[in-house]
Amino acid sequence: MKEFSFEIKKKSKEAPMARVGIIHTPHGDIETPAFIPVGTKATIKSILPENFNEFVKADAILANTYHLYLEPGNEIVKNHGGFAKMMNYVGPTFTDSGGFQVFSLGSAMGVGVSKIATREDLANENIEKNISKKFNLLDFFKRNKYLFIEIFLSFMFWGVLRIFSEDLNFLLGSVSSLIFFFIIDILFFKKYRLRDRQKYNNLKNNNKSLVKISENGVEFKSVFDGSKHIFTPEKSMEIQHDLGADIFFAFDECTSPFANKDYQKEALERTHRWAKRSLEHHKKLGVSGATGQRQALYAVVQGGAYDDLRKYSAQVLGEMNLDGKYFDGFGIGGSFTKEDMTKILKITNENLPENKPRHFLGIGEIEDLFYGIENGLDTFDCVSPTRLARNGAIYTKDGRINIFNSKYKTDMSPVCEDPSCYAHKYTKAYLAHLFRSKEMIGATIASLHNLHFIVSLVKDIRQSILGDKFFEFKKEVLERYR
RNA sequence: GCGUCGAUGGUAGAGCGGUCAAUUACAACAGACUGUAAAUCUGUCGCCCUUCGGGCUACGUUGGUUCAAAUCCAACUCGGCGCA
């Protein structure tokens, strides 16, 4: 059985940081650069493992700690001998630490913020503040609508009774009678006010973070039943030992692209302390309880879009060790704009140990892959191919298409030109029909295609580096894709 | 034949005198999606004018009542049900 190791086969002659290598793991080799499909809940959504192996030909897959902890529970996964065995997948595996959920269930919750922000978003100052302002106004209106009606009607009753009640002076014409009518109104409108309040609360809850971050860790409210769960670096290590991946990540905090520098710094320092604790606890736990094998631990570099923070984080984590035991590799996480991405990657990878593999967490659009590899990355995981596929977006060499567009209803051309792709056998018209009629196999074909497309693209990039044609290949692909 | 209930935008189906070009769902047309709260979400959805807004034609047909009708009345047409 092979231990984890990384060897660099070739450094690009054109792009100084790009390299071709092999990550050896107990379950097989990953030829890098490589794209790692995501199977969050121990399934590549909509694809059978056999079809995945035969038609996608990826070297590894990645699952998620948070999701498998909540369902079915890491204990059950452990009893299967790890998530790979459970899902009948043979090959190298990764698990993510749950750090991304600090962002997606935290600051991004219900606000529609993506971790890849645009420059416009950032320029549009404090988007989060704007959102909360809007909600305060709405809040005020919602909460007081019936109060206004009540006050108005009280005055009406009071006024009307005054006109007809010269002989009822003892009751009317006094403030107390006004209050009397007001109370009647309040009782009368009680049920409407309550209903309104309920609506308002629902609205507010939609916009509410499900996480609480502290030095010790992160408190998550389960999205399934609202139950509370604390993730600490130690807890994350324990779960990931039960999940049994060959490679796993230290618990980190993925910050929002809208967080300011002070906060990024604070979160970064915390992530470093958590990395240290992850390293310690991983050592204490020893081999995986699920597979009996030693697992490789990657640290996660953070620092948002700030050069100096990224450099600092790379240096600290690169040197971090426990009695000479260093991290086996590094993930690059966090959020930023597309424009900032390249410079961040460059400065990060320049400051990470060269002989360790580097993984780009959650990034995988076509141009990102080129820029990532050019700047020294070895592996990528991304949800994009499968999620896009399920929503009807199909990669083609000439750009992404939306199979729902009416023109594809009658398009007899194959979904994929490449005969080695499963989708080659089907017309776009058929795929359009499957999607329109909500047939499940539509998502399957589209997912197989999109994954095949991205995985083979990265393999081709690998070949282009080996053949010293990286830039030529990049230009050719991107020009056509755009 | 008699009685009774009904007829609303591509479909289903709300509305039952002004706040109605008409709630909603589906369909249709577009868009978004980057460590998966995601087989999800957003927008448009009678016609015309450049948006705010304005104009026009519309709730089976034709008349009527009313300042005002998808909404009330009458007749007709079509359909469901019941009795012959």
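Just so it is clear: chains get the letters A, B, ... in the order the sequence lines come, proteins before strands, and each one is counted from 1.
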- Quick one: side-chain contact (heavy atoms from CB on, under 4.5 Å) partners of A/Lys356, sequence neighbours excluded? A/Tyr326, A/Phe330, A/Pro353
- Query: Roughly how many Å is it from CG in A/Leu369 to P in B/G35, rounded to a whole number?
  - Reply: 13 Å
- Per A/Val223 side chain, nearest of listed nucleotides B/U34, B/C33, B/A37: B/A37
- Atom pair distance, as rounded to whole Å: CD1 in A/Ile394 and P in B/A32: 14 Å
- Message: For the C1' atoms, the ones on B/G55 and on B/A7, what distance do you get once it is rounded to whole angstrom?
- Response: 30 Å
- Message: Taking pairing as Watson-Crick or G-U wobble with both contacts under 3.5 Å, can you name the mate of B/G3, or confirm there isn't one?
- Response: B/C81
- Looking at every strand, decide which applies to A/Ala389 at a 4.0 Å heavy-atom threshold: base, sugar-phosphate, or nothing. nothing
- Test item: A/Ile394 and A/Val415 side chains (from C-beta on) under 4.5 Å apart, heavy atoms: yes
- Task: Output the single nucleotide from B/A28, B/A32, B/A37 whose closest atom is nearest the side chain of A/Lys409.
- Result: B/A28
- Message: Measuring to OP1 and OP2 of B/A27, would you say a side-chain N or O of A/Arg436 lies under 4.0 angstrom away?
- Response: no
- Item | Face-on cation placement of A/Lys459 at A/Phe35 ring, 6.0 Å and 45° thresholds | no
- Message: Given B/G31, B/G35, B/A38, identify the nucleotide with an atom nearest to the side chain of A/Leu361.
- Response: B/G35
- Can you tell me the pairing partner of B/C45 across any strand shown, Watson-Crick or G-U wobble, with both distances under 3.5 angstrom? none
- Scanning all shown strands, the Watson-Crick or wobble mate of B/C33 with both distances under 3.5 Å is none
- Between B/G35 atom C1' and A/Leu377 atom CG, what is the distance in whole Å? 13 Å
- Query: Under 4.0 angstrom, heavy atoms only, what part of the nucleic acid is A/Gly334 near: base, sugar-phosphate, or nothing?
  - Reply: base
- Message: Tell me if a side-chain donor or acceptor on A/Gln295 pairs with a main-chain N or O of A/Ala245 at a distance below 3.5 Å.
- Response: yes
- Task: From the options B/U34, B/C33, B/G35, select the nucleotide whose nearest atom is closest to the side chain of A/Leu62.
- Result: B/G35
- Message: What's A/Arg400 touching, base or sugar-phosphate or nothing? Going by heavy atoms closer than 4.0 Å.
- Response: base
- For A/Gly99 and A/Phe224, take the nucleotide of RNA chain B holding the closest heavy atom to each; which residue's nucleotide lies nearer the 5' end? A/Gly99
- Message: Using whole Å, what does the distance between atom C1' of nucleotide B/U36 and atom CD1 of A/Ile44 come to?
- Response: 12 Å
- Using the P atom in both, what is the distance from B/G18 to B/U71, to the nearest Å? 11 Å
- Message: Once you apply a heavy-atom cut-off of 4.0 Å, does A/Leu388 come out as touching a base, just sugar-phosphate, or nothing?
- Response: base
- Phosphate oxygens OP1/OP2 of B/A27: is one of them under 4.0 Å from a side-chain N or O of A/Lys438? yes
- Query: Among A/Phe380, A/Phe249, A/Phe248, whose ring-ring contact (aromatic ring centres under 6.0 Å, His included) with A/His359 holds?
  - Reply: A/Phe249
- Query: At under 4.0 Å between heavy atoms, what does A/His67 touch on the DNA or RNA strands: base, sugar-phosphate, or nothing?
  - Reply: sugar-phosphate
- Message: Taking the P atom in each of B/C78 and B/U61, what is the distance between them to the nearest angstrom?
- Response: 15 Å
- Item | Pair A/Tyr69 + A/Tyr66: ring centers closer than 6.0 Å | no
- How long is the line joining NE2 of A/His359 and C1' of B/G35, in whole Å? 6 Å
- Task: State whether the distance check finds a donor on one side and an acceptor on the other, under 3.5 Å, for side chain A/Thr386 versus base B/U36.
- Result: yes
- Task: Mind calculating the distance between CD1 (A/Ile403) and P (B/C33) to the nearest angstrom?
- Result: 18 Å
- N/O (side chain, A/Asn402) to phosphate O (OP1/OP2, B/C29) under 4.0 Å: no
- Task: Could you measure between the two P atoms, the one in B/C83 and the one in B/G10, and give it in whole Å?
- Result: 37 Å
- Message: Please classify the nucleic acid contact of A/Glu367 as base, sugar-phosphate, or nothing, using heavy-atom distances under 4.0 Å.
- Response: nothing
- Query: Taking OP1 and OP2 of B/C33, is either one under 4.0 Å from a side-chain nitrogen or oxygen of A/Ser384?
  - Reply: no
- With rounding to whole Å, what would you report as the distance between B/C81 and B/G46 at their P atoms? 34 Å
- Message: Counting the atoms with a prime plus P, OP1 and OP2 as sugar-phosphate, which does A/Asn391 contact under 4.0 Å by heavy atoms, base, sugar-phosphate, or nothing?
- Response: base
- Task: Please state whether the base of B/U34 and the side chain of A/Asp368 form at least one donor-acceptor pair under 3.5 Å?
- Result: yes
- Query: So which nucleotide from B/C29, B/U36, B/U40 ends up closest to the side chain of A/Ser406?
  - Reply: B/C29
- May I ask you to verify if any side-chain N or O of A/Gln101 is less than 4.0 angstrom from the OP1 or OP2 atom of B/A37? yes
- Just call it for A/Asp252: base, sugar-phosphate, or nothing, with non-hydrogen atoms closer than 4.0 Å on any strand. base
- Query: So what's B/U51 paired with, Watson-Crick or G-U wobble, going by both distances under 3.5 Å?
  - Reply: none
- Message: Could you check whether any side-chain N or O of A/Ser114 sits under 3.5 Å from a backbone N or O of A/Ala117, counting only pairs where one atom can act as donor and the other as acceptor?
- Response: no
- Query: Can you tell if the side chain of A/Glu253 reaches within under 4.5 Å of the side chain of A/Arg270, non-hydrogen atoms only?
  - Reply: yes
- Calculate the interatomic distance between A/Ile47 atom CD1 and B/U36 atom P; express it in whole Å. 16 Å
- Task: Quick one: sort the A/Tyr395 and A/Tyr481 rings into parallel, tilted or perpendicular, breaks at 30° and 60°.
- Result: tilted
- Task: Check whether any side-chain nitrogen or oxygen of A/Arg390 sits under 4.0 Å from OP1 or OP2 of B/U40, and answer yes or no.
- Result: no
- Query: Between B/U34, B/A38, B/C29, which nucleotide gets closest to the side-chain atoms of A/Ile363?
  - Reply: B/U34
- Task: Assign A/Lys45 to base, sugar-phosphate, or nothing according to its heavy-atom contacts below 4.0 angstrom with the strands shown.
- Result: base
- Query: Is there a Watson-Crick or G-U wobble partner for B/A39 with both distances under 3.5 Å, and which nucleotide is it?
  - Reply: none
- Task: For B/G63 versus B/U11, give the span between their C1' atoms, rounded off to a whole number of Å.
- Result: 31 Å
- Task: Please determine if a side-chain N or O atom of A/Asn405 lies less than 4.0 Å away from the OP1 or OP2 oxygen of B/C29.
- Result: no
- Message: Could you tell me how far B/U23 sits from B/A14 if I compare only their P atoms? Round to whole Å.
- Response: 15 Å
- Query: Rounding to a whole Å, what distance do you find between A/Phe83:CZ and B/G35:C1'?
  - Reply: 13 Å
- Counting any heavy atom closer than 4.0 Å, what does A/Ser114 reach on the DNA or RNA strands: base, sugar-phosphate only, or nothing? sugar-phosphate
- Item | Pairing nucleotide - B/U11, Watson-Crick or G-U, each distance under 3.5 Å | B/A25
- Mind checking whether A/Tyr312 and A/His272 have parallel, tilted or perpendicular rings, split at 30° and 60°? tilted
- Message: Roughly how many Å apart are B/C72 and B/A12, using the C1' atom of each and rounding to a whole number?
- Response: 27 Å
- For B/C76, give its Watson-Crick or G-U wobble partner with both distances under 3.5 Å, or none. B/G60
